[in-house]
Amino acid sequence: MALVKIHDFYPNYRDEIFGGTDIKGMDIYAGTTDEKIGTVHDILLDDTGRFRYLVVDTGFWIFGKKVLLPIGSARIDYDAGRIYAIGLVDKNQAEQLPEYDELQPIDYDYEERVRGVYRDRTAGTTAGTTAAATPAVSAAATRNRDTYNYDQEPHLYDRNDTDHRNIKLYEERLIANKNRYKAGEVSVGKRVETEVARAAVPVEKERIVIERTSAGMSGAQPVAPGTANFQEGEIARAEVYEETADIHKEAFVRENVEIHKEVERDMVEGQETLRREELQVDTEGKPVVERRPRQ
């Protein structure tokens, strides 16, 4: 059965499977000696989506070797933020496991080598009598690559964290944010308009008026001898002026325009129905249940 990484099967596995918690990076400790074995590097699932192995990065002390831990041999303690490898005693046993190579496919023979290490450890710790070890020997005789199924070894592949389950209660909260977006823009420019203007200005012109009056023979008065000065040429001069219209155009400041922005504030209210999970404990019989206050 082909194995795939958890991200390839559940792209949003943190929220879908672990309620927002990622067990990648959790420390793994030996189940009996409490010695740190390594950290979770990845999780491998079968093609039905069931957990099969934790990929353990054992760290620098064996040069970064990665090994597999069957999910049934792992107990996840969410409160402590660590995982206990029930089937491993110390780092020396982890060194006996075949190295996991992400670039190489996992076949039946490789998995058998992995299972063999955990089977030996399980037999050594649980087979208190010869009779207790008999089922394992009988099962080994019937195992082969064509008929093998993970359900044949539930101690290796069944989830083993039921006694340390972390239940998350969720609630919805109303989050009020605001987004700033461009509602439009104002462009201020100038255009030239034309009109025909008319102006009138009064002008003056001077003119010379020459009036001649004849004295007549009957009314003529004689002049004294020598008084009459008969001469030719200019006898009087008068300057004559006239005005002309000077109509032209000049530019003036008609008005000043000031451009600025003002912010108008308003309050927008929204209403939503929020949900919240509450813990419900149902008991049957008279079990002792200790309810501790929420911290």
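All values below come from the heavy atoms of this structure, side chains included, with hydrogens, waters and symmetry mates left out.
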Which salt bridge (charged side-chain N to carboxylate O under 4.0 Å, His left out) pairs, counting each pair once, include a residue from residues 245-259, with sequence neighbours left out?
-> none

Side chain to side chain, Y118 and L97, heavy atoms closer than 4.5 Å = yes

Taking only residues two or more places apart in sequence, or in another chain, which ones meet V188 in a side-chain contact (heavy atoms from CB on, under 4.5 Å)?
-> V186, I259

Evaluate side-chain contact (heavy atoms from CB on, under 4.5 Å) for L54 paired with I23, printing each intermediate quantity in order.
-> CA-CA 10 Å; L54 298 181; I23 70 171; 4.1 Å; yes

Residues forming a side-chain hydrogen bond (donor to acceptor under 3.5 Å, both in side chains) with E239, sequence neighbours excluded = Y241

Looking at residues at least two apart in the chain, or sitting in another chain, which of them share a side-chain hydrogen bond (donor to acceptor under 3.5 Å, both in side chains) with E193?
-> R191

Beyond-backbone contact of S73 with L156, side-chain heavy atoms, under 4.5 angstrom | yes

Test item: side-chain donor near acceptor, D22 and Y13, under 3.5 Å | yes

Are side-chain heavy atoms of V114 and V117 found at a separation under 4.5 Å?
-> no

Separation between CG of L69 and CD1 of I83, rounded to the nearest 0.5 Å = 8.0 Å

Where do G270 and L174 come nearest, in terms of heavy atoms and distance?
-> O-CD2, 4.2 Å

Nearest 0.5 Å, what's the CG-CG distance between L3 and D8?
-> 12.0 Å

Of all heavy-atom pairs linking D146 and N144, the shortest is N-OD1, 2.9 Å

List for me each residue that meets side-chain contact (heavy atoms from CB on, under 4.5 Å) alongside R50, sequence neighbours excluded, and say none if there are none.
-> D46, T48, R52, D151, D158

If we ignore angles and hydrogens, is there a donor and acceptor under 3.5 Å between the side chains of R115 and Y157?
-> yes

Could you give me the CA-CA distance, side-chain angles and deciding distance for R119 and E153, then say whether salt bridge (charged side-chain N to carboxylate O under 4.0 Å, His left out) is met?
-> CA-CA 10 Å; R119 288 175 189 143; E153 298 183 276; 2.6 Å; yes

Does the pair K66/D42 count as a salt bridge with the N-to-O cut at 4.0 Å?
-> no

side-chain hydrogen bond (donor to acceptor under 3.5 Å, both in side chains) partners of R198, counting only residues at least two apart | none

Check against side-chain contact (heavy atoms from CB on, under 4.5 Å), Y100 and Y53 = CA-CA 11 Å; Y100 166 72; Y53 296 100; over 6 Å; no

Value for CZ (R275) from CD (E272), rounded to nearest 0.5 Å, stands at 11.0 Å

Got a second to check how far H41's NE2 is from L44's CG, nearest 0.5 Å?
-> 9.5 Å

What distance separates H7 NE2 from K24 NZ, expressed to the nearest 0.5 Å?
-> 7.0 Å

Checking side-chain contact (heavy atoms from CB on, under 4.5 Å) for the pair E111/L68: CA distance, chi angles, key distance, verdict?
-> CA-CA 9 Å; E111 286 191 87; L68 297 185; 5.8 Å; no

Donor-acceptor contact below 3.5 Å, side chain E243 vs main chain E204 | yes

Under the salt bridge (Lys or Arg N to Asp or Glu O under 4.0 Å) test, residues paired with R113 that sit two or more places apart | none

Got a second to check how far Y29's OH is from K36's NZ, nearest 0.5 Å?
-> 5.5 Å

Looking at side-chain heavy atoms only, is the closest gap between R82 and M26 below 4.5 Å?
-> no

Report the C-alpha distance between I28 and T39 in whole Å, list the side-chain angles of each, state the deciding distance to 0.1 Å, and finish with yes or no for side-chain contact (heavy atoms from CB on, under 4.5 Å).
-> CA-CA 5 Å; I28 300 180; T39 58; 5.9 Å; no

Those residues that, when tested against R180, pass salt bridge (Lys or Arg N to Asp or Glu O under 4.0 Å) (two or more places apart) = none

Excluding sequence neighbours, so at least two apart, what forms side-chain contact (heavy atoms from CB on, under 4.5 Å) with R173?
-> E171, I175

Those residues at least two apart in sequence (or on a different chain) that pass side-chain contact (heavy atoms from CB on, under 4.5 Å) with V240 are E206, I208

Under the salt bridge (charged side-chain N to carboxylate O under 4.0 Å, His left out) criterion, do K65 and D57 qualify, and how do the steps go?
-> CA-CA 6 Å; K65 179 180 179 181; D57 187 349; over 6 Å; no

With Y84, which residues qualify under ring-ring contact (aromatic ring centres under 6.0 Å, His included), at least two apart?
-> none

With Q104 via side-chain hydrogen bond (donor to acceptor under 3.5 Å, both in side chains) - residues at least two apart | none

Can you check whether V56 reaches V40 side chain to side chain, under 4.5 Å on heavy atoms?
-> no

Before accepting this row, confirm whether a basic side-chain N of the pair R145/E112 lies closer than 4.0 Å to the acidic partner's carboxylate O.
-> no

4.5 Å side-chain heavy-atom contact, Q152 and Y148 = yes

